[in-house]
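Below is one structure, written out as structure tokens; the observations come after it.
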Amino acid sequence: MTDDAISDLPEQMQIRRDKRRAVLESGRDAYPVRVPVTHTIEQVREQFPEVPAGEMTGVEVVVAGRVLFIRNTGKLCFASLRSGAGTAVQAMLSLDRVGEDALDEWKHLVDLGDHVWVRGEVGASKRGELSVFATEWGFAAKSLRPLPVAHKPLSEETRVRQRYVDLIMRDEARTIARQRITALASLRTSLTDRGFLEVETPILQTLQGGASARPFVTHMNAYDIDLFLRIAPELFLKRCVVGGIEKVFDINRNFRNEGADSTHSPEFGMLEFYEAYADYDDGARLTRELVQEAAQAVCGGLVVTHVDGTVHDLSGPWTTIALYPSVSAAVGRDITPTTPLSELVELCVAVGIDVDPAWVPGRVVEELFEHHVVPTFTGPTFVKDYPVDTSPLTRDHRTDAGVVEKWDLYVDGFELATGYSELVDPVIQRERLQAQAALAARGDAEAMPLDEDFLAALEHGMPPSAGVGMGIDRLLMALTGLGIRDTILFPLVKPL
RNA sequence: GGGCCUCUAGCUCAAUUGGUAGAGCUGCGGACUUUUAAUCCGUAGGUUGCGGGUUCGAGCCCCGCGGGGCCUACCA
């Protein structure tokens, strides 16, 4: 006989273990391999949308669900059985229908959190609650741990560390888990409907590249080499474009070995797509359509309501501004890529922005932009034409000197997506990557080494292309107003 | 990286100046055939995050460590 009495266990857990043993010893099964279910709880709800209070339907069903509310009286017991998706139906066990033994066992063995099944006629209680009037019941799975109180909010830490409990207790947790998948499906549908091909690119990479970030490093025993977990799929998607997959995307997980806080997760979801014979304006247009179609799929419309009750309108063509003109308007002075650093620093000091002496002029302009312009945004906003000295890997603007063909999409004050007219000249790309490699050689952990194979691919000729990256977590944040950790089912947490 | 706050029963939280660790829900026993956080009677449940120190006495004060949160800095 197994010893299921574990010492030092909290009383309530020990009692549930004792009940489990009592179930088995009584000849019932606490964990049957199969349960005689005839209807899901959803099906019962759909089939009997309105049963008048106190009336019966004559239809017998067997339903199973988790017990989330329980109320026992002397000869009549109530329980609310809920499906995983959150639909509930009431079970009623009365002495005259289920019999004395089954009623007593129910009262003494069933706890909140247990999975049970009941067989019985569908009807409505005197209060009008749709109910299954049990003639028979059994366990589907006995729960050995007590649930938290239903009417007090679970601490944020418990919600994240024990997401299974969060999913049981909180409607919003169940909702966001489904919304995330809905958003991903919407992005896939939107892109494949437009002729894009979804590919998979490697997570284990021999060289880091495609972004400036510190990678996670791991080791491959067979080849005895260090490998990097990807920080971006970019260089592989460009290889696809070179190879003729001219509309291509990857929905992937990236890993960055940097800070983890309320807006940054060390692993995060990302959509990247590339479209040949398109430029950054085309990429912006498609990005807007993707976000709007995702909003339609997830929220049922383009006007979305956040968890704090605020309403956000994602419809329309959205505002597009250029970085330098917007800063010029805000500070009342003409700011261009040739404005001297001293003048830019002066403007920062005047409004209390601390300037790092190492910053290049473009960086200082971006600080002025974030201070003066970003807070004025009233809806989704594309900001285009960034300083060349902060975007060394990006193609120069076709007409404006000193800026590059890059945009950032701001929603709710954070950056949701970024897009480029991709640099495809292999000679210029090599020069810029060589400069990065020099930084890497000097110890800059975020700089990329020279990827000869990528350059060889470009030297075969890559058509002019638009490239876009969008954060999946941030898309969910924009649609729901949640923090990043609520959009990720299992965010990384430090072990206790 | 810096600063501030926080960790007490299964869950959510109290505990006055350093003086017997409590409540609600949950649990357990009992009553109740229409409950929705039922009601009533009775009752159990604690290594106060971990380790040291001060003190006659520490949940409370001091030091160290760990977890969490907020602000700030940095990074995308």
Side-chain angles (χ1 to χ4, degrees), chain A residues 8-19 53-54 68-80 82 88-98 100 103-104 107-113 123-131 133-134 143-162 165-166 168-169 210-215 231-232 254-266 268 270 353-354 356 358-359 363 366-367 370 390-391 408 414-418 444-446 469-471 473-474 483-485 491 493-496:
Chain A
D8 292 342
L9 213 52
E11 183 191 35
Q12 294 192 35
M13 290 192 208
Q14 187 57 58
I15 288 167
R16 284 175 182 239
R17 278 168 171 73
D18 293 343
K19 287 180 179 178
L68 279 154
F69 175 84
I70 201 161
R71 189 69 60 219
N72 295 338
T73 69
K75 302 185 182 66
L76 180 63
C77 298
F78 304 87
S80 170
R82 210 184 57 198
V89 70
Q90 180 163 269
M92 290 175 66
L93 295 91
S94 63
L95 178 64
D96 50 10
R97 280 181 186 252
V98 80
E100 189 169 357
L103 190 68
D104 278 348
K107 284 198 274 193
H108 288 103
L109 297 176
V110 174
D111 289 305
L112 286 174
S125 72
K126 287 181 184 170
R127 296 289 182 89
E129 182 86 28
L130 186 67
S131 304
F133 289 74
S143 167
L144 298 186
R145 287 180 183 255
L147 290 173
V149 283
H151 312 288
K152 296 282 185 177
L154 215 49
S155 71
E156 190 185 334
E157 185 175 1
T158 305
R159 282 180 12 211
V160 170
R161 285 189 189 273
Q162 293 175 253
V165 174
D166 190 31
I168 293 167
M169 300 307 295
S212 296
R214 302 188 63 166
I231 56 177
N254 292 331
F255 305 87
R256 298 190 181 178
N257 202 345
E258 295 172 344
D261 59 35
S262 56
T263 57
H264 294 80
S265 175
F268 59 100
M270 169 84 88
I353 301 172
D354 290 329
D356 186 327
W359 287 351
R363 175 64 203 272
E366 288 180 11
E367 285 292 322
E370 283 181 23
T390 57
S391 302
D408 272 344
F414 60 82
E415 292 158 40
L416 172 60
T418 185
D444 184 339
E446 293 184 3
M470 176 158 59
D473 317 290
R474 292 186 169 189
I484 193 168
R485 295 209 313 172
V493 283
K494 274 197 188 182
L496 288 176

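Below, all heavy atoms of this structure are taken into account, side chains as well, without hydrogens, waters or symmetry copies. Sequence lines set the chain letters: A, B, ... in the order given, protein chains first and strands last, and positions in each chain run from 1.
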Say we look at U54(B) and U43(B): how far apart would their C1' atoms be, to the nearest angstrom?
40 Å
When the C1' atoms of A23(B) and C61(B) are considered, how many whole Å apart are they?
27 Å
Atom pairs under 3.5 Å: protein N/O with N/O of nucleotides 64-67 of chain B:
unit_1 : atom_1 : unit_2  : atom_2 : d
G67(B) : OP1    : K494(A) : NZ     : 3.0
G67(B) : O3'    : R161(A) : NH2    : 3.0
G67(B) : O2'    : E157(A) : OE2    : 2.9
G67(B) : O2'    : R161(A) : NH2    : 3.3

Rounded distance (Å) that lies between atom [atom2] of [N] and atom [atom1] of [X]:
{"X": "W359(A)", "N": "C75(B)", "atom1": "CH2", "atom2": "P", "value": "7 Å"}
{"X": "D408(A)", "N": "A76(B)", "atom1": "CG", "atom2": "P", "value": "12 Å"}
{"X": "D111(A)", "N": "C25(B)", "atom1": "CG", "atom2": "C1'", "value": "15 Å"}
{"X": "L112(A)", "N": "A37(B)", "atom1": "CG", "atom2": "P", "value": "13 Å"}
{"X": "D18(A)", "N": "A44(B)", "atom1": "CG", "atom2": "C1'", "value": "14 Å"}
{"X": "E258(A)", "N": "G1(B)", "atom1": "CD", "atom2": "P", "value": "15 Å"}
{"X": "R214(A)", "N": "C75(B)", "atom1": "CZ", "atom2": "C1'", "value": "11 Å"}

Between protein and nucleotides 29-33 of chain B, what N or O pairs are separated by less than 3.5 Å?
unit_1 : atom_1 : unit_2  : atom_2 : d
G30(B) : OP2    : H108(A) : NE2    : 3.4
C32(B) : N4     : N72(A)  : O      : 3.3
U33(B) : OP1    : K75(A)  : NZ     : 3.1
U33(B) : OP2    : K75(A)  : N      : 3.2

Students often get this wrong, so: under 4.0 angstrom with heavy atoms, is R363(A) touching a base, only sugar-phosphate, or nothing?
sugar-phosphate
Does [X] have any side-chain contact (heavy atoms from CB on, under 4.5 Å) partners at least two apart in sequence or in another chain, and if so, which?
{"X": "R145(A)", "answer": "M13(A)"}
{"X": "S391(A)", "answer": "Y386(A), T394(A), V404(A), K406(A)"}
{"X": "P266(A)", "answer": "F216(A), A260(A), L492(A)"}
{"X": "A417(A)", "answer": "T287(A), W407(A), L409(A), M470(A)"}

Can you name the side chain to side chain donor-acceptor pair (under 3.5 Å) partners of [X], sequence neighbours left out?
{"X": "E157(A)", "value": "R161(A)"}
{"X": "E415(A)", "value": "Y410(A)"}
{"X": "S80(A)", "value": "none"}
{"X": "E129(A)", "value": "none"}

Under 3.5 Å, N/O pairs linking protein and nucleotides 8-13 of chain B:
unit_1 : atom_1 : unit_2  : atom_2 : d
G10(B) : N7     : Q12(A)  : NE2    : 3.3
U12(B) : OP1    : S155(A) : N      : 3.3

Side chain of [X] only, heavy atoms from C-beta on: which candidate in [options] is closest?
{"X": "R256(A)", "options": "A76(B), A37(B), U26(B)", "value": "A76(B)"}
{"X": "S125(A)", "options": "A76(B), C74(B), U36(B)", "value": "U36(B)"}
{"X": "I15(A)", "options": "C28(B), U34(B), C74(B)", "value": "C28(B)"}

Residue matched to G49(B) through Watson-Crick or wobble contacts both under 3.5 angstrom:
C65(B)
Taking a pair to mean Watson-Crick or G-U wobble geometry with both distances below 3.5 Å, U54(B) pairs with none
Please confirm whether the backbone N or O of I231(A) pairs with a side-chain atom of R256(A), one donor and one acceptor, at under 3.5 Å?
yes
Suppose we screen for salt bridge (charged side-chain N to carboxylate O under 4.0 Å, His left out). Which residues come up paired with E156(A), at least two apart in sequence or across chains?
R485(A)
Is the distance from OP1 or OP2 of G69(B) to the nearest side-chain N or O of R485(A) less than 4.0 Å?
yes
Q162(A) and D166(A): side chain donor to acceptor below 3.5 Å
no
